[in-house]
Amino acid sequence: MSFEGLKVRVGADIGGTFTDVVLECGERLHSVKVLTDHAEPESAIVDGVGRVCREAEIPESAIDLLIHGTTLATNALIERRGAKTAFVTTAGFRDVIEMRNEGRFEQYDLNLVLPPPLVSREHRFPVAGRIAASGHELVPLDEEALADIGRRIRDEGYQSVAIGFIHSYVNGAHERRAREIIGGQIPEVAMSISCEVSPQVREFERFNTVCANAFVKPLMSSYLRRLAAGLRAIGTDCPVYMIHSGGGLISIDSAIEFPVRLLESGPAGGAIFAADYAARYGLGRVLSYDMGGTTAKICLVEDCTPKTARTFEVARTYRFKKGSGMPISIPVIEMVEIGAGGGSIGWVDEMQQIRVGPDSAGSEPGPACYRRGGEQATVTDADLVLGRLDPAGFAGGEIPLSADLAGAALERGVGDRLGMDAATAAVGICEVVDENMANAARVHAVESGRELSDFTMIAFGGAAPLHAARLCEKLGMDSVLVPPGAGVGSAIGFLRAPFAYEAVHGAYLRLSRFDAAWTNDLLSRLSQEAAQFVSAGADPDDMVFSARAYMRYQGQGWEIVVDLPMRTYGPEDGAHLRILFESAYAHLFGRALDGLDVEVINWSVQASSPPVPAARVESPASLAEAVPGERREIYDARLGQWVGAAIHQREGLAPGAIVNGPALVVERETTTVLTSDFDAVMQVDGCLLIRRKMTEGSHE
């Protein structure tokens with residue numbers, strides 16, 4: 001098949017269970033799923049690239065661009081598999097990352113468990129020197145003490161150094177000098193300074209972020225260099241870019257320097273994927289639902305733009321509790337982990353209640369039904385026993401499933417404890433997972449001031465289409481969109497991501513003392529910093545810039561984000577910024593407050609390549625009921641009974657084909673389950689648009 005003259009691009013997403021590789025050549029998409037190799041994760045990508053090229057009949061050397069996202073850095077933080085790291089900080093602030101802040105996420109729990117700091121106390125080195133909040137030097141940096149610290153770091157075999165001084169976000173001179181002194185003694189050690197990694201207000205979050213960057217930096221550097229070498233070995237010598245947590249693309253060199261920016265890179269691709277289809281269908285309110293082998297995440301997408309934040313948490317000791325994890329201060333697409341994935345393990349607690357997760361069977365050994373030695377019951381085992389999966393067609397037939405092994409694991413892990421057979425245990429596991437996801441989605445919607453019944457769900461990931469209809473029943477949502485290639489949605493999202501970078505800086509300003517020259521200078525410097533990271537993949541003349549300020553009333557503890565016009569400001573613009581803030585504040589909290597000054601704490605500027613307009617999708621010209629193939633019994637949880645479901649091959653559905661639930665729409669990477677409440681219509685672009693039947697009593 002000819003590919004001459006066409007740009008060949010590849011997206012590769014490493015997940016906890018599967019590594020997804022997608023090749024795009026013109027209008028054609030080819031994809032493969034490969035089990036993730038946790039010992040050598042790059043090998044799964046190299047293998048997947050070779051396989052997808054053979055399927056597309058394109059040589060590996062013809063690839064023009066490869067875009068990669070991975071949870072490797074996140075997993076390293078969760079599992080504490082990073083480098084031996086030293087933390088050099090201001091005298092008197094040695095224990096900030098252990099003391100945290102006054103927040104208590106579980107007020108009455110006397111046995112509260114917090115994640116231990118990444119760098120334990122014996123590896124933290126205080127040094128004299130002090131910068132004031134205004135940015136001027138109060139106490140000179142003790143360079144002799146720093147030289148002694150450098151020798152100790154060298155002698156004790158540290159692999160990475162994090163440097164975080166008080167108020168360095170406003171003046172990073174001491175941190176840069178400390179890097180010079182220590183790096184001059186041990187040039188081979190990895191160095192991270194907080195004024196470059198996260199120049200934002202609040203020392204706990206900033207210190208923790210620079211420690212996280214240092215902790216994973218040697219690991220990610222080694223991994224990315226091995227990946228580049230592995231790709232060259234099979235003839236792929238194209239540019240490789242990484243998708244970062246904010247949803248943009250950066251170079252490998254930038255990713256090596258700031259690996260903490262990659263912590264949410266894989267899920268960010270999924271949000272970009274959902275936003276792309278929201279634009280194609282003109283959907284103003286979308287709930288992005290990504291469920292893979294290890295976790296499930298949601299993201300609110302409004303006006304075709306994913307919701308963003310400047311901080312998030314990893315390694316929570318209480319899975320859904322804010323404040324129980326390690327805060328990371330970087331720009332990020334705001335996603336909420338709402339449940340388990342296909343490989344999450346079902347078990348019974350001391351109260352004889354079914355629980356699912358947080359432990360996962362992953363890819364090694366995987367769910368019991370994979371025939372790879374797994375013995376514990378997982379969500380995938382439950383889906384198989386409930387008839388939702390084809391044992392012979394899973395992952396395109398490359399992973400034959402065993403219903404007998406799945407049933408035995410369900411009985412052993414859950415059924416024997418509760419006096420249930422395998423099918424009843426499977427129902428329990430799936431209902432617990434779906435209810436957990438529904439509850440977490442409701443809470444997130446309420447916190448964001450949204451009502452989910454007004455949203456359309458876009459479901460992707462290997463497991464999301466299996467659970468989407470049931471989740472909609474619980475949330476009162478009426479429509480779901482399952483795009484083509486949904487099983488590898490995050491990897492496709494990588495191919496839709498722009499080159500983009502958001503530069504953030506902590507700088508204090510009261511609007512009553514608005515300084516236009518100071519503001520223009522700050523935004524100009526942030527624009528230059530952001531453009532520097534984007535210049536590797538975007539023409540400077542075509543870059544698009546946007547600005548934000550994180551603002552609050554004087555005396556408040558936390559800020560809200562306010563979009564700013566990207567222009568030169570004048571002395572009168574202090575009043576204009578106040579109007580923008582009060583409008584955003586009233587939108588969130590109902591009304592603005594009188595008589596209080598407004599202050600800006602952090603500023604950000606994003607530079608990106610110009611957006612590519614999405615072509616709107618027309619409705620099918622005509623509708624006709626699809627002719628079902630085989631039938632299979634599946635369990636309908638709302639009805640509480642087994643029902644006969646028609647089986648349709650997705651690739652055999654023509655535009656306008658109507659599939660009446662209950663039904664299964666089967667494809668290579670996933671299966672879409674239509675419960676008795678829903679029908680689906682195949683769209684002209686290959687999307688499956690699922691809508692609730694207009695019958696009474698369909699909402700729970």
Side-chain angles (χ1 to χ4, degrees), residues 10-23 29-52 55 66-72 74-75 223 227 243 264-270 273 289-297 337 339-345 357 359-374 378-381 383-384 388-391 393-401 459-467 483 485-495 666-672:
V10 170
D13 177 27
I14 293 183
T17 304
F18 286 102
T19 293
D20 300 335
V21 180
V22 172
L23 182 146
L29 277 177
H30 299 269
S31 63
V32 297
K33 276 184 173 290
V34 182
L35 286 170
T36 296
D37 185 336
H38 293 279
E40 297 179 352
E42 71 280 1
S43 66
I45 292 182
V46 174
D47 180 30
V49 167
R51 289 168 59 179
V52 79
E55 179 182 303
L66 189 142
I67 302 169
H68 177 34
T70 176
T71 58
L72 185 62
T74 310
N75 294 339
Y223 162 71
L227 172 62
I243 184 164
E264 291 286 276
S265 67
F273 179 69
Y289 169 40
D290 178 5
M291 184 176 181
T294 306
T295 60
K297 292 180 180 288
E337 187 177 321
S344 295
I345 295 168
D359 293 335
S360 173
S363 60
E364 300 168 358
C369 62
Y370 279 18
R371 307 171 187 254
R372 296 168 61 89
T378 67
V379 175
T380 297
D381 294 311
D383 284 330
L384 176 62
R388 298 170 178 174
L389 294 173
D390 177 10
F394 187 76
E398 296 183 13
I399 305 178
L401 305 181
F460 56 95
L466 290 161
H467 294 260
V488 290
S490 289
I492 297 175
F494 297 168
L495 303 177
V666 180
E667 56 188 298
R668 179 171 179 169
E669 294 95 0
T670 188
T671 296
T672 301

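Atom set for the values below is all heavy atoms of this structure, side chains included, hydrogens, waters and symmetry mates excluded. Remember, predicted model here, so these are calculated numbers, not experimental data.
- Leu35 has its side chain within reach of Arg372: a pair of non-hydrogen atoms, C-beta onward, lies under 4.5 Å apart.
- Here CD1 of Ile492 is found 11.5 Å from CG of Leu23. Values are rounded to the nearest 0.5 Å.
- Taking the ring pair (Phe, Tyr, Trp, His ring centres under 6.0 Å) definition, one finds that His467 meets it with nothing, sequence neighbours left out.
- Using a 4.5 Å cut-off on side-chain heavy atoms (C-beta onward), Val10 and Val21 make contact.
- Between Ala459 and Pro483, the shortest heavy-atom contact is O-CD, 3.6 Å.
- With Pro367 as the fixed residue, the side chain to side chain contact (heavy atoms under 4.5 Å, CB included) test singles out one of Asp383, Thr380, Val379: Thr380.
- For the atom pair CG of Leu66 and CG of Leu495, the computed distance is 9.0 Å after rounding to the nearest 0.5 Å.
- The structure places OG of Ser265 at 12.0 Å from CD1 of Ile67, a figure rounded to the nearest 0.5 Å.
- Side-chain atoms of Thr378 and Asp381 include a donor-acceptor pair closer than 3.5 Å.
- Summarising the geometry of Pro465 relative to Thr672, their closest heavy-atom pair is CB-OG1, 3.5 Å, with the distance given to 0.1 Å.
- Counting all heavy atoms, side chain and backbone alike, Gly493 lies closest to Phe273 at CA-CB, 3.8 Å.
- Between His68 and Tyr223, the two ring planes are tilted [angle within 30° to 60°].
- At least one donor-acceptor pair closer than 3.5 Å links the side chain of Lys33 to the backbone N or O of Gly487.
- In this structure the side chain of Leu466 reaches within 4.5 angstrom of the side chain of Leu389, judged on heavy atoms.
- Considering only heavy atoms from C-beta on, Ile14 stays 4.5 Å or farther from Glu42 through its side chain.
- You'll find the side chain of Ser490 reaches within 4.5 Å of the side chain of Asp290, heavy atoms only.
- Proximity of a side-chain donor or acceptor of Thr670 to a complementary backbone N or O of Gly462 within less than 3.5 Å is detected.
- Between the OG1 atom in Thr19 and the CG atom in Asp37 there is a gap of 8.5 Å [rounded to 0.5 Å].
- Among residues two or more places apart in sequence or in another chain, the side-chain contact (heavy atoms from CB on, under 4.5 Å) test is passed with Pro391 by Leu384, Leu401.
- Summarising the geometry of Thr36 relative to Phe18, their closest heavy-atom pair is OG1-C, 3.1 Å, with the distance given to 0.1 Å.
- For the atom pair CZ of Arg668 and NE2 of His30, the computed distance is 10.5 Å after rounding to the nearest 0.5 Å.
- Of all heavy-atom pairs spanning Gly373 and Pro365, the tightest one is C-CB, 3.9 Å.
- Residues Gly292 and Ala463 come closest through the heavy atom pair O-CB, 3.8 Å.
- In this structure the side chain of Val22 never reaches within 4.5 angstrom of the side chain of Val52, judged on heavy atoms.
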